[in-house]
Each structure stands twice: as C-alpha cells, then as structure tokens.
*Asks:* 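Below is a structure I'd like to ask you about.
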Number of protein chains: 2
Amino acid sequence: MTSTHEEVGYLPPSKPVEHTPISAASGVEEVIRMLEGRWKLVILFHLFGGKLLRFSDLERAIPAISQKMLIQQLRQMEADGIVTRLVHHQVPPKVEYGLTDWGQSLCPSLDALLKWAAARPGS
Amino acid sequence: MTSTHEEVGYLPPSKPVEHTPISAASGVEEVIRMLEGRWKLVILFHLFGGKLLRFSDLERAIPAISQKMLIQQLRQMEADGIVTRLVHHQVPPKVEYGLTDWGQSLCPSLDALLKWAAARPGS
DNA sequence: CAGCATCCCGGTGGATACTG
DNA sequence: CAGTATCCACCGGGATGCTG
C-alpha cells in the first residue's frame, strides 16, 4: 500500500449506504466514554473469566499503573455497571473486584478485537 | 460514601480461568494504541460500509472535530493499515478516505460493542 | 479543497506522601 | 491493605492563520 498519489481507478460513488453508521454514532460516543482511558481495557482483560481480584492483585498484575489511575478507572467502571466492588470488612481490609454480568458479556467482543489485531496483514 | 459494604455471600473461587486473559494483555496494548483517541472510532463508523469519503465529507459528518484532529487520526490509522488514502490529483484537490480490507473487518467487532452498550441493564 | 504550522489551554495521569 | 490528597508535567486537542 503506497500511501499517497495513486492514479485512481475507483469508480461509482453509486454505492448506497447499507449500514447507517451515522445513526450508530450516538452509541459510539457512549462506548468510548465507558471504555476510553489508557487502562480500562487492560483492567477488564485481567478480570475476565469471573475472577475476583484484590486491589493489590491488580496492582501486581499491571505494574505500570499508578494507584490513582487504578482506583479511578475501577470506580468509573463500577459507576457504569461494568465492575463490582466487594468489600470484606476485616482487620486487614480486603476488597475484591470482579465483573457484573453485563461486564462479563463484553468479553466476546473484546476477544474479537484481539483476534482482529492479531490478523493484521504484514503480521 | 456508603456505596459499599455488602457482607459478602460470595462463594466458590473454584472457578478455573477458562480464558487466560493475562496472556492476551500484550495484544490489548496494541489494540488500545491503534484505536484510542477521542475520534478514531467515530471516524471508523462513518467509513464502514465500504464508503469513500472526502476530507470535507468527514468534516461535515463530524462537526465537532477539528481539522487537525481529523487529519491526525486519519494519518495514524493509515499508518496502521486501517484506512486508505486515495489522492486524485486534479485542480481542486480531492482526497478520499476509505477502509482497507482489514479495517473493514473491524466492523462486526465494533458493532458487537454497540450492541453491548445498548444492552446495558437499567437501559 | 486539503492540508500544515503555530500557539495555547485544560485535563489526564504520574509521583509522592499521608490515613483508616 | 486499600485507598485519599496534592502537586505538577506533559500532551491531547482546539483555534487560528497560511499554503499548494
């Protein structure tokens, strides 16, 4: 694919839109809002499979993330109904994070994304 | 904030991980890198369906985006092999953007994301 | 028309220190 | 252990003006 300046052998703009992506754009914004941020997807992938992870587990699993970001993203996803927060009040505090059913249902879609990335031409 | 403190009636962590999301984490970063940014997905959704849109078409379709962001995101996706850039050298310049086959193959996955968002409990 | 260059602001997110 | 609080650097991204 030589990016610029090919002589154009393209033809008919007579192709009708079969997908109306524009109308979908509204939902797109919502998805972006809920999943954007450097860490949301990374966290989600660590939670898939119904696992319950403690705050410190996640910190260890994602060494590059700061506490501030970890808690912030977790809280946002909790507010969005994607992750659950389970507090055990005991002397050394223990909090476990997991996925709601709805959050877990995101797994296939994200997996598809992964497969897509893996299928990149010129591997 | 008492959003918390359920007494924990959670049971068996006997659920074996059936998905090994951690190993997937590597690919996740890649996906994020390619799709992140305020506008990438929005642009993509306007390009799905095999449509070729001119720069000005996209500007009109996404009024909130600035020229700078539009061209920047398009270029990045072009570099990633997601979008194509078709230059017609004629007196009033004309450039059309579309999707590569690989880029087009992202459509089902993103659609799944949309459906997921639409299925949010408490609609 | 389709961009590039420049300036600049605000928010995102990192580092660090402190608390229940 | 699981956060909260603060400070601050950086850069994503908007506005404007100019060019081929």
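Letters go in sequence order (proteins before strands), and every chain restarts at 1. Remember, it's a predicted structure, so these values are computed and weren't measured experimentally.
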*Asks:* For residues 57-83 of chain B, pull every pair meeting ring pair (Phe, Tyr, Trp, His ring centres under 6.0 Å), keeping only residues two or more places apart or in separate chains.
*Replies:*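 Ring pair (Phe, Tyr, Trp, His ring centres under 6.0 Å) check on residues 57-83 of chain B returns no pairs.
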*Asks:* Are the side chains of B:Glu96 and B:Lys51 in contact, using a 4.5 Å heavy-atom criterion?
*Replies:*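 They are not in contact (no side-chain heavy atoms under 4.5 Å apart), so the answer is no.
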*Asks:* Any side-chain heavy atom of B:Leu113 sitting closer than 4.5 Å to one from A:Val28?
*Replies:*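 Result no, sub-4.5 Å side-chain heavy-atom pair not found.
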*Asks:* For B:Val95, give me all partners under side chain to side chain contact (heavy atoms under 4.5 Å, CB included), at least two apart in sequence or on another chain.
*Replies:* B:Arg85, B:Val87, B:Tyr97
*Asks:* Run the side chain to side chain contact (heavy atoms under 4.5 Å, CB included) test against A:Thr84 and tell me which residues pass, sequence neighbours left out.
*Replies:* A:Thr100
*Asks:* Walk along DNA chain C from 5' to 3' and tell me the first and last nucleotide with an atom closer than 4.0 Å to a non-hydrogen atom of chain B.
*Replies:* C:dC1 to C:dC7
*Asks:* Could you write out each protein N or O paired with an N or O of nucleotides 1-3 of chain D at a distance under 3.5 Å?
*Replies:*
from	atom 1	to	atom 2	distance (Å)
D:dC1	O3'	A:Arg54	NH2	2.9
D:dC1	O3'	A:Pro93	O	3.2
D:dA2	OP1	A:Arg54	NE	2.9
D:dA2	OP1	A:Arg54	NH2	3.1
D:dA2	OP1	A:Val95	N	3.2
D:dA2	OP2	A:Ser56	N	2.9
D:dA2	OP2	A:Ser56	OG	2.8
D:dG3	OP1	A:Arg75	NH2	3.0
D:dG3	OP1	A:Arg85	NE	3.4
D:dG3	OP1	A:Arg85	NH2	2.5
D:dG3	OP2	A:Tyr97	OH	2.6
D:dG3	N7	A:Gln67	OE1	3.1
D:dG3	N7	A:Gln67	NE2	3.3
D:dG3	O6	A:Gln67	OE1	3.3

*Asks:* Please tabulate the protein-to-nucleotide N/O contacts below 3.5 Å involving nucleotides 8-15 of chain D, giving atom names and distances.
*Replies:*
from	atom 1	to	atom 2	distance (Å)
D:dG13	OP1	B:Arg38	N	3.3
D:dG13	N7	B:Lys68	NZ	3.0
D:dG13	O6	B:Lys68	NZ	3.3
D:dG14	OP2	B:Ser66	OG	3.2
D:dG14	O6	B:Lys68	NZ	2.3

*Asks:* What pairs with B:Ala117 under side chain to side chain contact (heavy atoms under 4.5 Å, CB included), at least two apart in sequence or on another chain?
*Replies:*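 Applying side chain to side chain contact (heavy atoms under 4.5 Å, CB included) to B:Ala117 gives A:Val31, A:Met34.
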*Asks:* Passes side chain to side chain contact (heavy atoms under 4.5 Å, CB included), B:Phe48 versus B:Leu106? Steps please.
*Replies:* CA-CA 9 Å; B:Phe48 282 135; B:Leu106 224 195; 4.2 Å; yes
*Asks:* Taking five pairs at each end, how big is the angle between the two axes of the helix from C:dC1-D:dG20 to C:dG20-D:dC1, to 10°?
*Replies:*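 Between the axes fitted at each end of the helix from C:dC1-D:dG20 to C:dG20-D:dC1 lies an angle of 50°.
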*Asks:* Return each pair, listed once, that meets ring pair (Phe, Tyr, Trp, His ring centres under 6.0 Å) where at least one residue sits in residues 100-123 of chain B; pairs must be two or more places apart or across chains.
*Replies:*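 For residues 100-123 of chain B, and leaving out neighbouring residues, the ring pair (Phe, Tyr, Trp, His ring centres under 6.0 Å) pairs sorted by first residue read A:Trp102-B:Trp116, A:Trp116-B:Trp102.
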*Asks:* Test side chain to side chain contact (heavy atoms under 4.5 Å, CB included) on A:Leu52 and A:Asp57 and set out the steps.
*Replies:* CA-CA 9 Å; A:Leu52 284 193; A:Asp57 290 334; over 6 Å; no
*Asks:* What are the two closest heavy atoms between B:Pro108 and B:Gln104, and how far apart are they?
*Replies:*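 Of all heavy-atom pairs spanning B:Pro108 and B:Gln104, the closest is CD-O, 4.0 Å.
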*Asks:* Test of understanding: with side chain to side chain donor-acceptor pair (under 3.5 Å), list the residues that count as partners of B:Arg33, not counting sequence neighbours.
*Replies:* B:Glu30, B:Asp80
*Asks:* Give every donor-acceptor pair under 3.5 Å between a side-chain atom in residues 62-77 of chain B and any protein atom, sequence neighbours left out.
*Replies:*
from	atom 1	to	atom 2	distance (Å)
B:Ser66	OG	B:Met69	N	3.3
B:Gln67	NE2	B:Glu59	OE2	3.4
B:Gln76	OE1	B:Lys40	NZ	3.1

